[in-house]
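These notes concern the structure reproduced below.
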Amino acid sequence: MTYPIRPIDESEWPSFARVTEEGFGWTPHPKEMERYKRETEFDRTLAAFDGDLIAGVTSIFSLTMTVPGGRMPVAGVTSVSVLPSHRRRGILTSLMRRQLADVRERGESVAALFASETPIYGRYGYGRAAHELSFRIRTSGSAFTANAPADPSLRIRVARPADVRADLERLFASVVDRRPGRYDRNARTWDNVLADEEFDQHGAGSLRSVLAEDDEGVRGYALFRIKASWDGNGVPDGELRLRELEAADPAAYALLWRSVLDRDLVSTVQARTRPVDDPLIALIADQRQLRAGWSDELWVRVVEVERALAARAYSAAVDVVIEVEDDVCPWNAGRWRLTADLSGAECKPVEDAPDVTLPVAALGSAYLGDGLLMESAAAGLLREHSPGSVRALATAMSWSPKPWAGLGF
């Protein structure tokens, strides 16, 4: 069977929402669904139809994302769902192929997503491109190293997040271009970040904020909730759940973490999503106290090899012919010469013998600067024809700081 695919209009939202609820097995609060609807770009929201029934959906947020050396438009893929009654019929494949063709037609050369299930998206050329750590820190063991940065001009201010929203927005905008994977936030995104209905709290109380500032203004902020608790002996055992911590400089960053870790009546700080190279790792004197867990975060798809590889910066000079395997986006399949140095990059189609042959997902994995090219070569998942070419490509595409989005979409 074939299932026609087209964008939906706002009147079809209830049917679209039903598919996402079934696909993800969630029952959102009605107000949460209203937020979701306000965020939706209907002209970029596709549905596959079985007669009048919407059987599968996917959508895109039009993002501006930081990549190594700059910023670029990126298609933020979301809401990928198929009704349980319509699985194994090729609906997902048809939706993903149509979506990637639309992304290319729109002029975006890169797509990104958060994977609900990691085995799915490699089939469509997405590579695991960013990772995250989760920290669970006992405050009693959270002392900093003796040389931790400090600035006597800085002070902490406690504020209701809604009252200082403009300060939060300005601070975030000033740091968003420092790390690959971060993306601009619009008003609706900030509405979600600061949302504080009872169903947002998950039993952990109101959203709180502290700001690090001096006489010139705000240099950082932390957003968090506190789940108050006492053990059977009346000893305080509260848990602080960190939502965000952003800072313009190391001293503000250290002061904010100290404010979080020294909070009265709190014995544990839970930070569920932090970059894998979070400076906190270097600040904590006893790093075992971080109790870190690791997970994948962003997945990236190179939609247009030529434009995508030329659009980012490189950490070292490289001149390599890459043979790309891509069954989903056939315009990418072929050989491309990537020539780059610290001043810029060029990627052009060639007929020269390849130095390395790789699946397009490997390029997506490496695109933001934290790829697994050497690991993939060691696993036999790509082929090196010229000795040293994989290492040269991996070195050139690497980046510091490591990529991290910090906020799902």
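FYI, side chains are in, hydrogens and waters are out, and symmetry mates aren't considered; it's all heavy atoms of this structure. Quick caveat: nothing in here was measured; it's all calculated off a predicted structure.
At distances below 3.5 Å, at least one donor-acceptor pair connects side-chain atoms of R335 with backbone N or O atoms of D352. Formation of a donor-acceptor pair under 3.5 Å by the D355 side chain with backbone atoms of V321 is found in this model.
Under a cut-off of 6.0 angstrom, the local environment of CZ in R291 is sparse, with at most 12 non-hydrogen atoms contributed by other residues, nucleotides or ligands. More than 12 non-hydrogen atoms from other residues, nucleotides or ligands lie less than 6.0 angstrom from CG of D341. For CZ of R155, the number of neighbouring non-hydrogen atoms (other residues, nucleotides, ligands) closer than 6.0 Å is greater than 12. Environment of CZ in R106: crowded, with over 12 heavy atoms of neighbouring residues, nucleotides or ligands closer than 6.0 Å. Counting non-hydrogen atoms of neighbouring residues, nucleotides and ligands closer than 6.0 angstrom, the CZ atom of R178 exceeds 12 such neighbours. Within 6.0 Å of atom NZ in K37, more than 12 heavy atoms from other residues, nucleotides or ligands are found, so the atom counts as buried in its surroundings.
Taking the six-membered ring for Trp and the full ring otherwise, the centers of Y36 and W13 sit less than 6.0 Å from each other. Within the 6.0 Å centre-distance limit, the rings of Y183 and F409 are counted as a close aromatic pair.
Stacking of R258 on the aromatic ring of F144 is recorded, both the 6.0 Å distance cut-off and the 45° axial limit being met. The cationic group of R185 lies under 6.0 Å from the six-membered ring centre of F172 and within 45° of the ring axis, placing it in a cation-pi geometry.
Defined by atom type and a distance below 3.5 Å, a donor-acceptor pair is present between the side-chain atoms of T357 and E323. One side chain, W404 or T273, offers a donor N or O that lies under 3.5 Å from an acceptor on the other. With no hydrogens or angles considered, no side-chain donor-acceptor pair links T189 and N192 at under 3.5 Å. Side-chain contact, Y314 with T395: no donor N or O sits under 3.5 Å from an acceptor N or O. S229 and D237 share no side-chain donor-acceptor pair at under 3.5 Å.
Between Y126 and M96 the shortest side-chain heavy-atom distance falls below 4.5 Å. For the pair V305 and C347, the minimum side-chain heavy-atom distance is below 4.5 Å. Counting heavy atoms from C-beta on, the side chains of T27 and E21 never come closer than 4.5 Å.
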Tell me, with the steps shown, if R123 and L92 meet side chain to side chain contact (heavy atoms under 4.5 Å, CB included). CA-CA 11 Å; R123 303 200 303 264; L92 178 59; 4.1 Å; yes
Please step through side chain to side chain contact (heavy atoms under 4.5 Å, CB included) for the pair R241 and F224, ending with a clear verdict. CA-CA 5 Å; R241 298 177 182 176; F224 54 90; 6.0 Å; no
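One finds no salt bridge joining K402 and E297 here, because no Lys/Arg side-chain nitrogen approaches an Asp/Glu carboxylate oxygen to under 4.0 Å. A salt bridge does not link R225 to D200: none of the charged side-chain nitrogens sits closer than 4.0 Å to a carboxylate oxygen. A salt bridge does not link D191 with R188: none of the charged nitrogens is closer than 4.0 Å to a carboxylate oxygen.
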